[in-house]
J.: 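Submitted below is the structure of interest, expressed as structure tokens.
These figures come from a predicted structure and were not determined experimentally. Counting from 1, the numbers follow the sequence of the chain as shown. We count ligands from 1, going down the list as the structure has it; atoms in each ligand are counted the same way.
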Amino acid sequence: MTDLASDTSAALRREVTVRGVVQGVGFRPFVYGLATGLGLTGHVTNTGSGVLIEVEGPGPAVYDFCVRVRGDAPALAEVASVEHRDLPASGATGFTILASHGAPTGTLIPPDTATCADCLAELADPADRRHRHPFITCTNCGPRFTIVTALPYDRDQTTMAGFPMCAACVREYRDPANRRFHAQPISCHDCGPRLRLRTGQDRSSTGHCDAAEDSIARARELLADGAILAVKGIGGYHLACDAANPDAVGLLRRRKARGDKPFAVMARTFADIAELAEVSDKERQLLESPARPIVLLRRRPDTGRSLDSVAPGLAELGFMLPYTPVHHLLLGLDADVPGPRLLVMTSANLSGEPLAFEDEDAFTRLAPLVDAWLTHDRPIHVPCDDSVTRVCDGETLPVRRSRGYVPLPIALPEDVRPTLAVGGDLKNTLCVVGGRHAWLSAHVGDMDDVATQRAFERAAQQLTAITATSPELLAADRHPGYRSTQWAQRDTTRPHVLVQHHHAHVAAAMAEHGLDGRTPVIGVAFDGTGYGTDGAIWGGEMLLADYAGFRRFAHLAYVSLPGGDTAVRRPYRMALTHLAAAGIDWSPRLPCVHACPEQERRVLARQLERGVNCVPTSSMGRLFDAVSALIGICQHAGYEAQAAMELEAAAATCLDAADTPIDERYRFTLRAPDESAPLGVSAAPDESAPLDESAPLTADPAPLLAAIVADLESGTPLGRIALAFHNAVAALVAELCATAREQHGLETVALTGGVFGNTLLSRACARRLREDGFHVLRHRIVPPNDGGLALGQAVIAAATRRETRAL
Ligand SMILES: [Zn+2]
Ligand SMILES: [Zn+2]
């Protein structure tokens with residue numbers, strides 16, 4: 001065999017197949033530039049399975065090409081694989097970009113991406129032909145996922161199909177040296193979508209303020225006057241108002257029936273955010289990343305009350321930077337012009353309903369909420385909410401994974417069967433797996449709403465289409481009352497696997513860390529609610545789990561959940577329940593007792609005594625609620641996890657005081673299986689117990705609650721109590737993990753479930769576990785809450801078919 005690498009005279013022809021996120025990211029223009037720069041001839045085309053290239057030229061140049069096609073790929077590309085095979089040289093001349101062909105078989109669509117620096121500069125440049133063009137994009141930025149209707153990714157398969165390019169745009173599109181070479185969504189003032197402002201009076205088509213400039217100017221005036229606007233963005237409409245105007249914020253709160261739930265704020269520049277919040281390097285990097293998520297940041301203590309109406313009672317506030325040209329124009333670009341610098345930007349929906357993203361729906365459904373609509377005629381094919389993130393120990397902690405991240409795949413370590421996992425009923429997302437990829441949908445919402453269920457079906461259809469996956473198997477939560485589960489069960493064409501809620505959480509954490517799920521880990525799954533295999537409501541769980549099954553190693557001792565949802569909305573009821581279970585009197589001096597009307601107290605006492613309308617629960621989320629109410633922080637929860645979030649905020653105020661020593665009185669009592677007596681629940685063994693069948697340990701918070709009551713009465717600051725409680729939970733986790741390691745030799749701990757959205761708890765647990773020599777897995781890609789559940793369901797279901805053992 002000749003050594004071609006040293007023989008520079010021999011012409012070599014190679015077919016190169018590149019897979020991954022390689023369409024809609026300027027990959028073909030990049031290939032063109034790379035090939036012509038190396039003096040190679042050939043062609044490049046998008047196919048259903050990626051990008052197919054043929055290059056021909058001197059051997060060393062061809063080898064160089066094959067290395068650099070991966071190493072120098074465009075910023076938005078994610079190259080999963082490069083394969084090549086040698087072909088006979090053809091002697092052809094020139095390098096061309098061929099039309100796309102082929103049916104899709106696993107090409108990946110990129111996420112929507114924030115306006116890039118080059119486009120921003122043009123937007124602000126009076127000499128540029130796209131000066132202030134509200135839809136400026138290029139190969140490096142703009143909408144993708146939300147406008148793609150089918151594969152392969154070409155303009156006629158996007159919602160830009162209705163906007164034929166003008167001659168000037170066509171020239172740029174065809175010019176290999178241009179930044180817009182083969183960029184599908186490009187347009188200009190002459191050929192692009194139209195921005196317009198629609199006010200309440202001109203619901204008919206007359207009287208529109210059509211010119212983009214007039215629309216922007218009028219919208220800015222309205223915002224400055226305290227009006228509420230619906231603003232069409234990338235993945236749906238926002239409701240916007242001036243965040244610095246408490247009256248406007250209050251009006252929006254009332255119209256949206258929002259209660260005290262915090263709003264996210266979009267700031268004109270990073271400097272505007274840094275004035276109001278403490279921002280670490282990692283947080284800044286997230287804020288300015290192409291995904292442009294909402295980042296939850298600590299408010300500066302010296303900012304006074306200026307944003308109190310935006311996030312009452314919370315030390316944290318969600319900020320984001322503009323990510324579309326319309327946002328930049330609405331906030332006045334970078335220039336120091338008068339007008340709002342900070343906008344409340346909240347998803348345009350009534351609480352519980354899905355995000356409005358279709359124009360007619362937005363005009364009718366949002367009419368009671370807004371004074372005007374800043375809209376345009378580029379359709380959104382699939383809705384996509386803003387993503388929400390926190391930073392914990394210098395790493396991303398996703399709270400909601402949606403725009404900017406979806407549909408980036410999560411890599412799996414081995415091939416899995418094509419499976420669709422339907423997720424849970426709250427914060428629903430669904431997940432498609434196949435081959436070595438898992439794709440999660442955008443945030444769908446809460447499934448008790450019919451419109452959300454329709455959005456769910458649309459998301460499922462679109463995700464299977466753009467990933468070219470035909471699921472053979474369905475996975476759903478074990479909860480018989482979940483709409484998502486019932487949807488899966490109505491499908492009689494495919495088998496379905498029911499997965500226990502907390503098992504799915506643990507598997508999600510394992511999957512995103514690339515584990516193959518054959519070796520069990522210690523899974524600490526703390527959340528509000530999940531259906532247990534014994535019919536109780538679980539939520540303070542320590543499982544020993546692999547993908548094939550799990551064993552419940554330990555859990556929070558059962559208490560009665562009186563009246564289900566009522567106990568969630570009124571945390572004082574949970575506090576009274578926990579006090580009763582701990583044998584502590586309901587002294588009227590305690591804030592939670594005081595908050596409970598006497599009549600309700602009497603009924604509750606009887607209810608707990610007789611177990612009427614009570615379900616046993618081991619929920620850690622409910623224990624956080626109970627402690628929050630017990631010390632008087634939150635008695636009525638206006639939104640999910642409000643009591644727990646305010647408890648965390650209180651604890652955080654004492655963090656800086658010094659390293660608080662562990663308070664030995666703040667502890668749980670651990671009971672061995674034979675001593676534990678669950679309240680009226682038969683401890684049915686799990687049907688899937690890979691390790692052994694012994695009953696779980698239980699952790700009883702009675703001593704902890706007694707210590708809290710004693711400290712309350714001696715006037716200990718609430719923040720200190722809240723912090724001691726967090727530390728006690730971390731100590732419990734450390735102790736249980738040490739026991740599990742002793743008995744089973746497991747060294748890896750996954751921290752998962754919605755309670756681990758609490759960074760204070762997460763940090764405390766991780767620090768202790770690492771000091772004890774454990775390998776700790778925390779969520780960085782999917783949320784620890786139910787937004788990540790579908791990933792765990794999918795890998796568990798897919799694993800049931802790789803082994804003989806059925807779940
Ligand atoms: Zn750009
Ligand atoms: Zn044009």
Side-chain angles (χ1 to χ4, degrees), residues 21-30 32-33 72-78 109-148 153-156 158-196 210-213 233-235 269-270 287-293 320-331 333-334 376-379 384 403-405:
V21 181
V22 289
Q23 294 190 12
V25 293
F27 207 85
R28 287 178 301 171
F30 153 71
Y32 179 95
D72 298 353
L76 298 183
E78 293 222 355
I109 296 290
D112 305 302
T113 301
T115 309
C116 72
D118 290 336
C119 284
L120 260 185
E122 291 172 355
L123 189 68
D125 176 6
D128 193 274
R129 75 182 193 91
R130 289 190 180 83
H131 180 226
R132 300 183 68 83
H133 176 48
F135 303 95
I136 189 168
T137 69
C138 70
T139 44
N140 300 318
C141 71
R144 299 288 190 277
F145 169 67
T146 52
I147 62 166
V148 173
Y153 173 68
D154 273 324
R155 189 178 179 101
D156 59 359
T158 71
T159 62
M160 285 298 287
F163 301 94
M165 281 182 228
C166 68
C169 283
V170 167
R171 268 197 303 281
E172 291 171 319
Y173 182 85
R174 290 190 182 151
D175 174 6
N178 196 286
R179 200 172 85 250
R180 296 192 168 83
F181 184 49
H182 279 250
Q184 306 305 338
I186 64 162
S187 65
C188 68
H189 288 292
D190 294 333
C191 63
R194 299 281 157 180
L195 190 71
R196 65 186 175 123
D210 271 326
E213 275 314 312
I234 290 274
T269 63
F270 175 74
L287 281 168
E288 295 178 337
S289 70
R292 285 289 197 285
M320 66 180 143
L321 287 168
Y323 55 85
T324 72
V326 173
H327 294 155
H328 286 286
L329 294 169
L330 194 58
L331 281 158
L333 273 172
D334 255 350
H376 59 76
D377 54 356
R378 182 182 67 207
C384 200
R403 178 192 47 77
Y405 299 100

J.: Within a strict 4.5 Å, meaning less than it, do heavy atoms of the V326 and L195 side chains meet?
T.: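 Yes - at least one pair of side-chain heavy atoms lies under 4.5 Å apart.
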
J.: Decide, counting backbone as well as side-chain atoms, whether H189 has an N, O or S atom less than 2.8 Å from the Zn ion (ligand 2).
T.: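 Under 2.8 Å: H189 has no N, O or S contact with the Zn ion (ligand 2).
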
J.: Angle at the Zn ion (ligand 2): provide the value between SG of C166 and SG of C188, rounding to 10 degrees.
T.: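 Value, to the nearest 10 degrees: 100°.
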
J.: Does the side chain of L120 reach to within under 4.5 Å of the side chain of L333, using non-hydrogen atoms?
T.: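 Contact flag for L120/L333 side chains = yes.
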
J.: Identify the residue among M165, R171, R130 that makes a side-chain contact (heavy atoms from CB on, under 4.5 Å) with R180.
T.: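 Result for side-chain contact (heavy atoms from CB on, under 4.5 Å) with R180: R130.
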
J.: Less than 6.0 angstrom from the centroid, inside 45 degrees of the normal: does R155 satisfy that with respect to the ring of Y173?
T.: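 No, R155 does not sit over the ring of Y173.
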
J.: Please report, to 10°, the angle around the Zn ion (ligand 1) from atom SG (C141) across to atom SG (C119).
T.: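 Output for this angle: 100°, rounded to tens.
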
